[in-house]
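What's counted below: heavy atoms across the whole structure, side chains too, no hydrogens, waters or symmetry copies.
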Amino acid sequence: MKFKTMLVIFLVLAAVVFSYFFLGQAPQNQPITWGVVFSQTQATSLGLDWQKTYLALLDDLGVKNIKLATYWDLIEEKEGEYNFQDLDWQIQQAKNKGIKIILSIGMKTPRWPECHLPQWAVDLGKEKQQEEISVLLEKIVLRYQDSTSIIMWQVENEPFFPFGECPWVDKNFLKKEIALVKSLDNQKRPIVISDSGEGSFWINAARMGDVVGTTMYKKVWFTVPNFLKKYVGPLGNFGFYLDYPFPAVFYWRKAEIVKKLFNKEVICVELQAEPWGKLVLALSPVSEQIKTMNLEQFQKNITFAKKTGLNKFYLWGGEWWYWLKEKQNDPAIWNEAAKLFKN
């Protein structure tokens with residue numbers, strides 16, 4: 001009897017949880033702000049002139065909100081020698097055009113391999129790496145704290161999500177990073193902490209950040225994460241295309257929990273608008289790319305985003321749209337994206 005009672009209670013609770021997160025609709029009457037994530041290294045890996053690509057996003061596409069990634073291995077290629085020339089140029093161009101920036105800073109910033117350590121720092125111990133990262137953050141924040149274009153700092157990228165080639169995950173150090181940025185920034189801008197949209201309920205991000213940044217992916221090539229491969233043996237090399245089953249209301253419900261418990265806003269800092277295949281994008285043939293992203297899928301993802309009830313989205317893939325237009329003579333997605341930014 002006791003077992004049956006517990007089973008009934010479990011099933012009832014499961015039904016309640018399922019109903020809450022998978023049934024219903026989010027309100028959709030609020031205006032949406034659209035932006036783009038830009039990566040200098042991603043444009044370069046696709047064989048593009050990264051400056052020309054950046055200007056095309058700002059001028060031709062009409063982007064007014066952008067998330068920029070800083071890369072430790074580009075800024076401090078040699079220990080103690082800092083080169084901000086490329087980042088200065090990106091921020092100045094945005095300022096000239098009245099564009100608002102979220103600046104992603106830290107060891108782990110957007111794009112593979114996620115953790116962008118310069119070669120000289122790879123073999124340093126964890127404590128020494130953290131000291132160097134703190135210096136890097138100080139250099140960046142003090143250099144750009146007077147920039148009127150930067151509206152938020154994103155400290156690290158999905159710091160709780162074990163994805164990428166990273167030497168460690170350390171929540172206590174993340175707290176120190178956040179405190180450091182807040183102490184240095186004379187404008188007291190909000191701190192964004194990002195987390196997986198599909199693999200997290202954003203509680204840690206909400207505890208630490210002023211704003212929660214979520215990712216939002218719909219169709220990906222799925223493989224067993226590196227940290228789990230040792231537990232699954234031969235299955236660790238198995239992969240397949242996955243359509244995430246989560247409905248739009250799933251994101252809205254989680255955002256409402258964050259709002260009620262922490263009074264924090266949730267924005268989407270990474271909306272899938274490029275392929276996620278077996279290989280990195282630069283090595284993936286177009287025939288493989290279109291399995292996870294094409295014009296139809298792009299339109300579906302935009303429609304899906306509108307149904308989540310969130311009102312700020314930064315699309316992930318602007319460099320790829322430009323590559324399609326310039327290198328593949330296929331401007332379809334570029335032209336479709338323009339409708340979002342020129343409305």
Side-chain angles (χ1 to χ4, degrees), residues 32 34-50 52-54 56-57 60-63 66-67 69 110-114 158 163-164 196-199 214-225 237-248 250-251 268-308 313-343:
I32 294 178
W34 300 100
V36 166
V37 182
F38 177 76
S39 165
Q40 174 184 347
T41 59
Q42 178 70 351
T44 301
S45 74
L46 291 171
L48 299 169
D49 180 321
W50 71 265
K52 186 177 180 181
T53 305
Y54 184 69
L57 289 168
D60 301 346
L61 210 59
V63 170
I66 199 159
K67 189 175 87 164
R111 290 294 176 185
W112 190 262
E114 299 290 317
E158 298 181 48
F163 177 75
S196 168
E198 295 70 43
T214 181
T215 62
M216 194 173 293
Y217 283 83
K218 293 303 296 173
K219 192 168 186 177
V220 303
W221 176 258
F222 180 83
T223 56
V224 175
N237 296 320
F238 179 68
F240 58 93
Y241 284 108
L242 171 68
D243 288 279
Y244 279 114
F246 306 110
F250 175 74
Y251 298 87
C268 179
V269 294
E270 202 173 297
L271 172 62
Q272 184 186 11
E274 73 171 28
W276 184 334
K278 301 177 183 179
L279 304 173
V280 294
L281 191 53
L283 300 179
S284 181
V286 174
S287 59
E288 194 71 22
Q289 294 177 13
I290 61 176
K291 292 179 181 179
T292 51
M293 185 55 60
N294 49 53
L295 178 59
E296 181 182 5
Q297 187 67 48
F298 179 92
Q299 293 169 330
K300 286 181 178 179
N301 287 9
I302 297 300
T303 299
F304 180 88
K306 292 177 178 179
K307 293 179 179 180
T308 63
F313 294 89
Y314 289 79
L315 278 70
W316 179 261
E319 308 90 349
W320 179 68
W321 317 334
Y322 189 68
W323 176 82
L324 285 175
K325 182 171 80 77
E326 294 295 304
K327 301 294 186 179
Q328 302 296 314
N329 195 29
D330 181 3
I333 294 181
W334 182 269
N335 293 338
E336 187 69 18
K339 297 176 184 178
L340 297 174
F341 302 114
K342 294 183 178 180
N343 283 342

Testing the basics here: between C268 and M216, what is the closest heavy-atom pair and its distance to 0.1 Å?
SG-CB, 3.8 Å
Which pairs of donor and acceptor atoms, one on a side chain in residues 314-324, lie under 3.5 Å apart (sequence neighbours left out)?
from, atom 1, to, atom 2, distance (Å)
W316, NE1, Y217, OH, 3.3
W316, NE1, E274, OE2, 3.3
E319, OE1, R111, NH2, 3.3
E319, OE2, S39, N, 2.7
W320, NE1, Q289, OE1, 2.8
W321, NE1, A273, O, 2.9
W321, NE1, G317, O, 3.2

Could I get the full list of salt bridge (charged side-chain N to carboxylate O under 4.0 Å, His left out) partners for K291, not counting sequence neighbours?
E288
Shortest non-hydrogen contact from K342 to L61?
CE-O, 3.4 Å
Please find the pair of heavy atoms, one from G199 and one from S196, that lie closest to each other, and give the distance.
N-OG, 2.8 Å
Worked verdict on T53 versus E326 for side-chain contact (heavy atoms from CB on, under 4.5 Å):
CA-CA 10 Å; T53 305; E326 294 295 304; over 6 Å; no
Tell me if a side-chain donor or acceptor on S284 pairs with a main-chain N or O of V280 at a distance below 3.5 Å.
no
In this structure, NZ of K219 is separated from CG of L242 (nearest 0.5 Å) by 10.0 Å
Checking side-chain contact (heavy atoms from CB on, under 4.5 Å) for the pair T292/W221: CA distance, chi angles, key distance, verdict?
CA-CA 8 Å; T292 51; W221 176 258; 5.6 Å; no
If the condition is side-chain contact (heavy atoms from CB on, under 4.5 Å), which residues does I290 pass it with, not counting sequence neighbours?
V286, N294
Closest heavy-atom pair and its distance - P110, A69
CD-CB, 3.8 Å
All ring-ring contact (aromatic ring centres under 6.0 Å, His included) counterparts of Y244, not counting sequence neighbours:
none
Is there a donor-acceptor pair closer than 3.5 Å between any side-chain N or O of T215 and the backbone N or O of G197?
yes
Hey, are the side chains of F38 and W50 touching, using non-hydrogen atoms and a 4.5 Å cut-off?
yes
Does CD belonging to Q328 count more than 12 external heavy atoms closer than 6.0 Å?
yes
What's the verdict on ring pair (Phe, Tyr, Trp, His ring centres under 6.0 Å) for W112 and F163, showing C-alpha distance, side-chain angles and the deciding distance?
CA-CA 9 Å; W112 190 262; F163 177 75; 5.5 Å; yes
Side-chain donor-acceptor distances from residues 298-305 under 3.5 Å, at least two apart:
from, atom 1, to, atom 2, distance (Å)
N301, OD1, Q297, NE2, 2.8
N301, ND2, Q272, O, 3.0
T303, OG1, Q299, O, 3.0

Non-hydrogen atoms of L283 and L279 that approach each other most closely:
O-CD1, 3.6 Å
ring-ring contact (aromatic ring centres under 6.0 Å, His included) filter on W34, not counting sequence neighbours, yields F313
